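Worksheet: the structure to be examined is printed underneath.
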Amino acid sequence: QVRLVESGGGLVQAGDSLRLSCAASGRTFRRPAMGWFRQAPTKAREFVAAITWTGGSTYYADSVKGRFSISRDNAKNTMYLQMNSLKPEDTAVYYCAAAFRTLSLTTSSTYDYWGEGTQVTVSS
């Protein structure tokens, strides 16, 4: 079992930055890959970014490339999502997730555990 808790969401203006954190506890010794997904009202959950256990590989959705950066600190069991140049279309609930398989990290069904999400609202 892995427990995930997101933090760092909030209300910001377009062009601002936010850093989300995801604290993991439990069976983190199994070295999970981790990812961020988001879901806006009336829309399906979509992939944002993912990172392997070592951090050697990262993946991004085209919509966030060049603006968002994913990282992790395994000593702290924490993953981060640095979000810069935020746009109103980035408004969503952001979820972190952990996967013990590294195939298809851009697909939500790959992930075994999910956090409860943190709201990010970007005003224009």
Side-chain angles (χ1 to χ4, degrees):
Q1 194 82 339
V2 175
R3 182 168 181 259
L4 304 171
V5 179
E6 302 95 337
S7 62
L11 172 63
V12 297
Q13 293 186 332
D16 286 350
S17 298
L18 274 178
R19 188 175 82 157
L20 304 183
S21 299
C22 174
S25 60
R27 292 180 173 264
T28 57
F29 62 86
R30 291 183 60 187
R31 303 185 173 188
M34 297 186 75
W36 289 98
F37 288 76
R38 66 186 182 186
Q39 187 166 16
T42 74
K43 293 188 176 180
R45 189 171 298 189
E46 65 174 1
F47 169 74
V48 176
I51 187 168
T52 54
W53 168 257
T54 63
S57 295
T58 57
Y59 309 87
Y60 295 94
D62 287 343
S63 59
V64 306
K65 277 181 184 175
R67 299 189 299 123
F68 291 12
S69 178
I70 189 171
S71 62
R72 65 191 297 168
D73 183 339
N74 291 334
K76 296 181 178 179
N77 289 327
T78 302
M79 175 180 64
Y80 305 98
L81 185 68
Q82 178 66 43
M83 305 186 295
N84 299 327
S85 302
L86 282 161
K87 303 176 181 180
E89 50 263 45
D90 294 318
T91 295
V93 177
Y94 283 70
Y95 299 90
C96 71
F100 295 115
R101 299 158 289 174
T102 56
L103 190 64
S104 300
L105 288 176
T106 62
T107 303
S108 60
S109 60
T110 295
Y111 293 82
D112 303 288
Y113 297 97
W114 293 82
E116 295 190 351
T118 185
Q119 176 71 45
V120 172
T121 303
V122 184
S123 64
S124 58

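Just so it is clear, the structure is predicted and the values come from calculations on it, not from any experiment.
When hydrophobic clusters are built by joining Ile, Leu, Val, Met, Phe, Trp and Tyr residues whose side-chain heavy atoms come closer than 4.5 Å, directly or via intermediates, Phe37 is not grouped with Ile70. Transitive grouping of hydrophobic side chains (ILVMFWY, heavy atoms separated by less than 4.5 Å) keeps Val64 and Tyr59 in distinct clusters. Cluster membership check: Phe47 does not share its hydrophobic cluster with Tyr113, using side-chain heavy-atom separations under 4.5 Å among Ile, Leu, Val, Met, Phe, Trp and Tyr.
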Problem set entry | Verdict with supporting geometry, Leu105 and Tyr111, side-chain contact (heavy atoms from CB on, under 4.5 Å) | CA-CA 8 Å; Leu105 288 176; Tyr111 293 82; 3.6 Å; yes

Exercise. Would Arg38 and Val93 satisfy side-chain contact (heavy atoms from CB on, under 4.5 Å), going step by step from the backbone distance to the final call?
Worked result: CA-CA 5 Å; Arg38 66 186 182 186; Val93 177; over 6 Å; no

For this session: Give the C-alpha distance, both sets of side-chain angles, the deciding distance and a yes or no for side-chain contact (heavy atoms from CB on, under 4.5 Å) between Asn84 and Phe68.
Result: CA-CA 6 Å; Asn84 299 327; Phe68 291 12; 6.0 Å; no

Problem set entry | Asn74 vs Trp53, side-chain contact (heavy atoms from CB on, under 4.5 Å): CA-CA, chis, key distance, verdict | CA-CA 8 Å; Asn74 291 334; Trp53 168 257; 3.6 Å; yes

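There is no side-chain donor-acceptor pair under 3.5 Å between Thr78 and Asp73. Between the side chains of Thr91 and Glu89, no donor-acceptor pair is found at a separation under 3.5 Å.
Residues Val2 and Phe100 form a side-chain contact, since some pair of their non-hydrogen atoms from C-beta on lies under 4.5 Å apart. Glu46 has its side chain out of reach of Gln39: every pair of non-hydrogen atoms, C-beta onward, lies at least 4.5 Å apart. Contact of the Glu6 side chain with the Ser21 side chain is not registered, since no non-hydrogen atoms from C-beta on lie closer than 4.5 Å. With a 4.5 Å cut-off on side-chain heavy atoms, Val122 and Asp16 do not count as touching.
Taking the centre and axis of the six-membered ring of Tyr80, the NZ or CZ atom of Arg19 falls inside the cone set by 45° and 6.0 Å.
Ring geometry for Trp114 versus Tyr95: interplanar angle over 60°, hence perpendicular rather than tilted (30 to 60°).
Summarising the geometry, atom OG belonging to Ser123 is positioned 10.5 Å from atom CG belonging to Leu86; distances are rounded to the nearest 0.5 Å. A distance of 5.0 Å separates SG in Cys96 from CH2 in Trp36, rounded to the nearest 0.5 Å. Atom OG in Ser69 sits 7.5 Å away from atom CD in Gln82 (nearest 0.5 Å). The distance from the OG atom of Ser7 to the OH atom of Tyr94 is 15.0 Å, given to the nearest 0.5 Å. Considering CD of Gln1 and CG of Asp112, their distance stands at 10.5 Å, rounded to 0.5 Å. Atoms CE and CG, from Met83 and Leu18 in turn, are 4.5 Å apart once rounded to the nearest 0.5 Å.
With hydrogens and angles disregarded, a donor-acceptor distance shorter than 3.5 Å links the side chain of Thr52 to the backbone of Ser57. Of the possible donor and acceptor atoms, one in the side chain of Thr110 sits under 3.5 Å from a partner among the backbone N and O of Ser104. Remark: the backbone N or O of Ser85 is paired with a side-chain donor or acceptor of Arg67 at under 3.5 angstrom. Between the side chain of Thr121 and the backbone N or O of Leu11 there is no donor-acceptor pair closer than 3.5 Å. With hydrogens and angles ignored, the 3.5 Å screen pairs a side-chain donor or acceptor of Thr54 with a backbone N or O of Gly56.
Salt-bridge annotation for Lys87 and Asp90: absent, with no side-chain N of the basic residue lying under 4.0 Å from a carboxylate O of the acidic one.
Nearest heavy atom pair, residue Ala49 against residue Leu81, reads CB-CD1, 4.2 Å. Contact record, Ala14 with Ser124: CB-CA, 4.4 Å, taken as the closest heavy-atom pair. Shortest non-hydrogen contact noted between Ala98 and Pro32 is CB-CB, 4.0 Å. When all heavy atoms of Ala24 and Met34 are compared, the closest pair comes out as CB-CE, 4.5 Å.
Annotation for Arg101: atom CZ counts as buried by contact number, over 12 foreign heavy atoms lying within 6.0 Å.
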